[in-house]
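A short write-up of the structure that comes next.
Just so it is clear, the values below take in all heavy atoms, side chains as well, and ignore hydrogens, waters and symmetry mates. Nothing here was measured: the structure is a model prediction, and the numbers come from that model.
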Amino acid sequence: MPTTSFPTTDIKTDADIALLVKVFEQKAQQHALATPGPVAEQEKQERLMFRYWRSVLLEAKPYLQHPLVPYAFLQIPAGHIGRWIHLFYETLEENFNGSLADIAKARASNLARLLHLPSLPHC
């Protein structure tokens, strides 16, 4: 009888954050949720996401940009937000288990809600 293996470690290090970002980016590209671009641009976007999640989860050097900046490049249509959050949760659940993984899910949900909000009319 096969058993399912669940991760037993939480997000603890920079390497964990790098894994989270890299695996999520790969999933997003496989599901056509990220537009492929030049390698240098993709690496820049991954660095932005890495810095954001490192700041949020490891309380490292403060992230001074708006939290949507690392995700703005994705230009996610409203209909894809659910798929985006599903892939992010899936990435977390496949690789991590613990309180910081739970915090990452909560933050990602908040970001997804913000990405889904329509633009405010100009006054």
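- With sequence neighbours left out, Asp14 forms a salt bridge (Lys or Arg N to Asp or Glu O under 4.0 Å) with Arg54.
- Contact detail for Ala101 and Asp10: the closest heavy-atom pair is N-OD1, 3.0 Å.
- Contact detail for Thr91 and Lys27: the closest heavy-atom pair is OG1-CD, 3.1 Å.
- When all heavy atoms of Tyr89 and Ser109 are compared, the closest pair comes out as OH-OG, 2.6 Å.
- In this structure, CG on Leu57 lies 10.0 Å from CG on Asp16, to the nearest 0.5 angstrom.
- Ion pairing between Glu46 and Arg51 fails under the 4.0 Å rule for side-chain N and carboxylate O.
- Here Lys105 pairs with Glu93 under the salt bridge (Lys or Arg N to Asp or Glu O under 4.0 Å) rule; sequence neighbours left out.
- The structure places CZ of Phe24 at 10.5 Å from CD of Glu90, a figure rounded to the nearest 0.5 Å.
- Taking CG of Leu87 as the start and CD of Glu25 as the end, the distance is 11.0 Å to the nearest 0.5 Å.
- Looking only at distances, no side-chain donor or acceptor of Asn95 sits under 3.5 Å from a matching main-chain atom of Leu92.
- When all heavy atoms of Leu100 and Ile11 are compared, the closest pair comes out as CD1-O, 2.9 Å.
- Looking at heavy atoms from C-beta onward, Tyr52 lies in side-chain contact with Arg107 at the 4.5 angstrom threshold.
- Ring centers of Trp53 and Phe88: under 6.0 Å apart, within the cut-off.
- Residues Asn97 and Thr8 have side chains not in contact (no heavy-atom distance under 4.5 Å, counting atoms from C-beta outward).
- Residues Phe50 and Ile17 come closest through the heavy atom pair CD1-CG2, 3.4 Å.
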